[in-house]
Structure formats: C-alpha cells, structure tokens
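As the structure is a computational prediction, the values presented were derived from the model and not from experiment.
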Amino acid sequence: MTQLSYCGQDCKKIPPALQKMYGAKVKCLDLSYNSIETLKGLEQFARLEELILDNNQLSDGIKFPKLPYLKTLSLNNNQIANLEDLVDKIRENFPVLSYLSLLSNKACPNQLSDVDKDDSDYQRYRYYVIYKIPHLRFLDSRRVTTTERREAAVRGEFMKVRRPPDVPDAGPSIASPVVAAGGQRPLPIDLSAVGKHKGAYGKCLYKYTGKHSEGNRFILNSDL
C-alpha cells in the first residue's frame with residue numbers, strides 16, 4: 001500500500017503539489033495535526049482506502065468527495081457538531097467504510113467532548129451511527145458487536161442527538177415568544193388574550209382583620 005504522511009505542517013488545505021504528485025498513487029493518506037478547514041482536492045486521491053484527519057479544524061461545513069474504496073476514516077479532535085448531517089455524508093460518499101472514529105468532536109457525546117455526557121449518551125450515539133451506517137465494523141476503536149447491531153436495527157432511528165440552535169442571548173418577550181428547537185413553541189400562546197383577562201367578584205362570607213390574632217398582643221405602637 002502506498003502511504004503518504006503530511007502531518008504537523010499547519011496547512012489549512014491539501015497542498016496542490018500533493019494532489020498532483022501523489023493523488024493517483026496513494027492509498028493511505030495521513031493529514032493529522034494540521035489546521036485543515038476544507039477537503040477541496042481530496043477527489044484527486046480516488047484510490048484512497050485509509051484517510052486520517054485527526055487534530056484539524058474541520059467543521060459541519062465539511063464536504064466529502066466520493067471515494068468508493070475508502071475503508072477507514074479518522075476524524076478525531078475536530079470541530080464537528082452535527083452528527084446527523086455528518087453520517088448522511090459519510091454513507092453517501094464512502095459505500096464500503098468499515099472503520100470510523102469521531103472522538104473529541106461535539107458530534108460524539110462522551111466525556112472527551114463534553115463533561116456533562118455519560119456512558120448512556122455515548123451508547124445512544126453508537127446505536128444511531130450503526131443504524132445509519134450498518135456496514136461499520138469498528139466505531140471509535142471499539143468493535144461493533146452483534147448486540148449493538150440488533151439494538152441499532154430496532155432503536156437506532158430514535159437515538160438521534162438533538163442540540164438546540166445557537167440563538168442570541170435575549171430574554172423572552174410577548175412580541176417574540178421563546179421557540180423550542182425544531183421551530184415548535186413549548187406551549188401555545190394566545191396573544192389576543194393579553195390584557196383582556198377578567199376578574200370575579202361577589203359577597204365575601206368571612207373577613208379576617210387579625211383583631212383576635214395571638215401575634216397582635218406582642219406588637220407595640222412603636223413597631224408600626
């Protein structure tokens with residue numbers, strides 16, 4: 001297997017010289033420990049079977065070319081947060097992928113990416129990814145088990161990770177009620193009824209003045 005390693009060069013994109021000189025030959029490409037923000041030019045490496053992109057600056061806008069032979073993809077420690085979008089792109093462009101690693105991305109909900117996450121969050125994430133990419137054999141350096149495949153087939157569709165959108169930090173108001181993630185209000189608001197509420201009145205059977213309260217014996221005029 002022809003391997004090419006271009007690590008720790010602080011590049012933001014794949015150098016054109018690499019594409020031209022090695023694109024048609026390379027089957028294993030390691031671009032880790034750079035500052036890569038775009039994968040433009042990756043389509044020149046049409047024979048790739050292994051792609052390592054750890055410790056870069058790839059985000060949700062990432063675009064993958066079709067790589068029909070790619071079996072291994074490592075995206076550890078990037079800036080990817082949208083899991084649903086990512087797995088859709090992977091499934092579409094890498095039809096024979098068997099190894100995927102997403103550790104230390106927001107899209108991978110474990111304690112490496114968020115201290116508020118636990119093992120149950122991570123397991124739900126695994127079920128969802130396995131459901132979307134059923135031919136995976138390894139996910140995040142752990143083998144996909146028969147039990148996980150079975151659970152993913154039954155429940156994976158419902159394990160989608162939802163994150164609230166980033167919105168300006170402004171308090172709720174009547175003119176612009178708080179809208180929950182997905183565009184739905186948590187409760188309906190009848191704006192036409194604002195300021196039109198009605199009270200009720202009638203005869204009161206009892207009126208308490210505090211005249212006979214035990215506490216009044218200890219209150220002096222100077223305390224009033």
* Are any non-hydrogen side-chain atoms of K20 and L18 less than 4.5 angstrom apart? -> no
* To do: State, with a plain yes or no, whether a side-chain heavy atom of N55 is found less than 4.5 Å away from one of N76.
  => no
* Non-neighbouring partners of S35 that pass side-chain hydrogen bond (donor to acceptor under 3.5 Å, both in side chains), sequence neighbours left out -> D10
* **Listed partners of D60 passing side-chain hydrogen bond (donor to acceptor under 3.5 Å, both in side chains), at least two apart** => none
Taking all non-hydrogen atoms of both residues into account, name the closest pair between [X] and [Y] and its distance.
{"X": "I62", "Y": "K89", "answer": "O-NZ, 2.5 Å"}
{"X": "L67", "Y": "A46", "answer": "CD2-CA, 4.2 Å"}
{"X": "G41", "Y": "Q19", "answer": "CA-OE1, 3.3 Å"}
{"X": "R47", "Y": "A24", "answer": "CD-O, 3.2 Å"}
{"X": "P95", "Y": "H135", "answer": "O-NE2, 3.4 Å"}
{"X": "P68", "Y": "V96", "answer": "O-CG2, 3.3 Å"}

Could you state the interatomic distance from [atom1] ([X]) to [atom2] ([Y]), rounded to the nearest 0.5 Å?
{"X": "L100", "Y": "I90", "atom1": "CG", "atom2": "CD1", "result": "4.5 Å"}
{"X": "I52", "Y": "S5", "atom1": "CD1", "atom2": "OG", "result": "8.0 Å"}
{"X": "R126", "Y": "T145", "atom1": "CZ", "atom2": "OG1", "result": "7.5 Å"}
{"X": "Q79", "Y": "S59", "atom1": "CD", "atom2": "OG", "result": "7.5 Å"}
{"X": "T72", "Y": "E49", "atom1": "OG1", "atom2": "CD", "result": "8.5 Å"}
{"X": "L86", "Y": "I133", "atom1": "CG", "atom2": "CD1", "result": "7.5 Å"}

Is it true that a side-chain atom of [X] and a backbone atom of [Y] form a donor plus acceptor pair closer than 3.5 Å?
{"X": "N56", "Y": "L31", "value": "yes"}
{"X": "N105", "Y": "N78", "value": "yes"}
{"X": "D121", "Y": "D119", "value": "no"}
{"X": "R149", "Y": "P134", "value": "yes"}

Taking [Y] as the starting point, is it possible to reach [X] by hopping between hydrophobic residues whose side chains are less than 4.5 Å apart?
{"X": "M21", "Y": "I14", "value": "yes"}
{"X": "L75", "Y": "Y6", "value": "yes"}
{"X": "Y99", "Y": "I130", "value": "no"}

* Asked: Are L42 and L29 close enough, and set up right, to give a side-chain contact (heavy atoms from CB on, under 4.5 Å), and what steps lead you there?
  -> CA-CA 10 Å; L42 187 61; L29 179 60; 4.0 Å; yes
* Any salt bridge (Lys or Arg N to Asp or Glu O under 4.0 Å) involving residues 132-144? Give me the pairs, sequence neighbours left out, ordered by first then second residue. => D88-K132, R142-E148
* Asked: Do any pairs count as a ring-ring contact (aromatic ring centres under 6.0 Å, His included) and have a residue in residues 11-55, sequence neighbours left out, and if so which ones?
  -> none
* **Which residues share a ring pair (Phe, Tyr, Trp, His ring centres under 6.0 Å) with F64, sequence neighbours left out** => F94
* To do: Could you walk me through whether Y122 and Y125 pass the ring pair (Phe, Tyr, Trp, His ring centres under 6.0 Å) test, one step at a time?
  => CA-CA 5 Å; Y122 179 67; Y125 146 87; 5.3 Å; yes
* **Qualifying residues under salt bridge (charged side-chain N to carboxylate O under 4.0 Å, His left out), relative to K66, sequence neighbours excluded** => none
* To do: State whether a side-chain donor-acceptor pair under 3.5 Å links N77 with D54.
  => no
* **More than 12 heavy atoms of other groups within 6.0 Å of F138 CZ** => yes
